[in-house]
Novice: 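Quick one: the structure is below, questions incoming.
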Amino acid sequence: MRQQKSKRQFKKPQVLAAGICAGLSLCLLLPACGQRQESAVTPDYVLTYAENQTKDYPTTQGAQYFADLVSKETGGKVEILVYPDAKLGDEVSTVEQCVLGGIDFTRVSLSTMTDKSAESNVLMLPFLYQDADHMWRVLDGDIGSDVMKTFDGTGITPLSWYDAGVRSFYTRTRASCLADLKGMKIRVQPSAEIPEQMVSLLGASTVKLDYSDVYSALQTGRIDGAENNWSSYEAMQHYEMAPYYLEDEHMRIPELQIMSTSTAQKLPDKYMDVIRECAKKSALHERELWTERETKAKERAVKAGCEAIPLSEEEKTKFRQAVQPLYDEYDASYGDLLARINALRYVSSTGE
Ligand code: GCU
């Protein structure tokens, strides 16, 4: 956080750059330095927002929407500079910088937060949600709020839930069923245990890598495949190296838009109220953008030569059965939470 009047210094070069931009003229337009826009008002606070996705990706667009809304609602007194493309570091380090107050906001995959909230693990269990609607009933209701509260005292203040669709496997050589994944080296997110446990239970081996390193690892053959949603697969051009996308739809990992608690404590209440409200609005906006992007991403990847491989319900059942040990493990400690999530499943009039 940079408060204009206090002339605080930043240690990290990019953040320092943002501070310098903010302190210069009111009429500067410096796209390389966050996304500062012309303004006739001198902001009281210039805050940084880290994103590891590209500028046109739904979560980054959601961040920019949030920044614009906060600026509008505070009459330009709170300015938020959004840094896309992991310019401020990878997800794990941006969360730590957020705890320290060096970065004020970020949006991360919940898998990056499991060391701060054990309950986060439950929300990303494979095949947990019936569909996207089920997930939103969970996140937008009491369960979502309760899990947000588990971050109390961690240095992180959760603001809103963002959408990240559903993840599936994609590979360099064709895999069209569970048996084909056996023995493959699959990239998993570096921070959480569940993706690692899941891939092992499915018979493949795991390589933990940051998101930005997946393309080159596919290119060199260090890994045989990875798993992600259509939007990330297309945005990061992974289809060029791993053109077989197996639509097993194994997990939905919610994403959290978060804020540094140390920044939150320094801001006047009137600005925090605006921030909370705008964060919620930005999340609704992101969800709309998400749906559109997911469809387009699949179309673009397929047009570029990717093969989308659908899975029969019978085959999906094999995936579900293989990951059952994860449920046995989590049911022992988080049975109540799992029961609450299951209670929000849609039940048809025939009881299915
Ligand atoms: C998704 C998510 C990213 C995350 C990535 C990953 O794309 O939006 O925040 O870094 O998954 O697999 O690491």
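For reference, positions follow the sequence shown, starting with 1. As a basis for the values below, the full set of heavy atoms in this structure was taken, side chains included, without hydrogen atoms, waters or symmetry mates. Atoms within a ligand are numbered from 1 in the order they appear, just like the ligands themselves.
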Novice: Between Glu234 and Lys296, is there a side-chain N and carboxylate O pair less than 4.0 Å apart?
Specialist: no
Novice: Are any of the side-chain nitrogens in Lys77 or Asp44 under 4.0 Å away from the carboxylate oxygens of its partner?
Specialist: yes
Novice: Counting each atom of ligand 1 from 1 as listed, which ones have a heavy atom of Asn228 under 4.0 Å away?
Specialist: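 Listed by number with element: 1 (C), 5 (C), 6 (C), 7 (O), 11 (O), 12 (O).
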Novice: Any chance the rings of Phe66 and Phe105 have centres within less than 6.0 Å?
Specialist: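 Yes: the rings meet the under 6.0 Å criterion.
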Novice: Under a 3.5 Å cutoff, is there a donor and acceptor pairing between the side chains of Asp68 and Ser71?
Specialist: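 Short answer, no.
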Novice: Quick test: of every protein heavy atom, which one is nearest to atom 13 (O) of ligand 1, and how far off is it to 0.1 Å?
Specialist: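 Closest protein heavy atom to atom 13 (O) of ligand 1: Arg187 NH2, 2.9 Å.
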Novice: Say whether Glu227, considering both its backbone and side-chain N or O atoms, lies within less than 3.5 Å of an N or O atom on ligand 1.
Specialist: no
Novice: Return the residue, atom name and 0.1 Å-rounded distance of the protein heavy atom closest to atom 11 (O) of ligand 1.
Specialist: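 Ranked first by proximity to atom 11 (O) of ligand 1 is Arg167 NH1, 3.1 Å.
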Novice: I'd like to know whether Tyr239 forms a ring-ring contact (aromatic ring centres under 6.0 Å, His included) with Tyr245, so could you lay out the CA-CA distance, the side-chain angles of the two residues, the decisive distance to 0.1 Å, and finally the verdict.
Specialist: CA-CA 8 Å; Tyr239 58 86; Tyr245 193 97; over 10 Å; no
Novice: Applying a 4.0 Å heavy-atom criterion (strictly less than), which segment of Asn52 is in contact with ligand 1: side chain, backbone, both, or neither?
Specialist: side chain
Novice: Run the numbers for me: atoms of ligand 1, each under 4.0 Å from some heavy atom of Glu91, listed by number.
Specialist: 3 (C), 4 (C), 9 (O), 10 (O)
Novice: Quick one: does Ser232 get an N or O within less than 3.5 Å of an N or O on ligand 1?
Specialist: yes
Novice: Going by the atom numbers of ligand 1, which of them fall below 4.0 Å from some non-hydrogen atom of Gln53?
Specialist: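 Those of ligand 1 that fall under 4.0 Å from Gln53 are 1 (C), 2 (C), 3 (C), 7 (O), 8 (O).
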Novice: Are a donor atom and an acceptor atom from the side chains of Tyr65 and Glu286 found within less than 3.5 Å of each other?
Specialist: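 No, no side-chain donor-acceptor pair sits under 3.5 Å.
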Novice: Identify whether the distance between the nearest side-chain nitrogen and carboxylate oxygen of Lys116 and Asp152 falls below 4.0 Å.
Specialist: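 Between Asp152 and Lys116 there is no salt bridge, as every charged N stays at least 4.0 Å from the carboxylate O atoms.
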Novice: Would Glu255 count as a polar contact of ligand 1, with the cut-off being nitrogen or oxygen pairs under 3.5 Å?
Specialist: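 Yes, there is a polar N/O contact under 3.5 Å.
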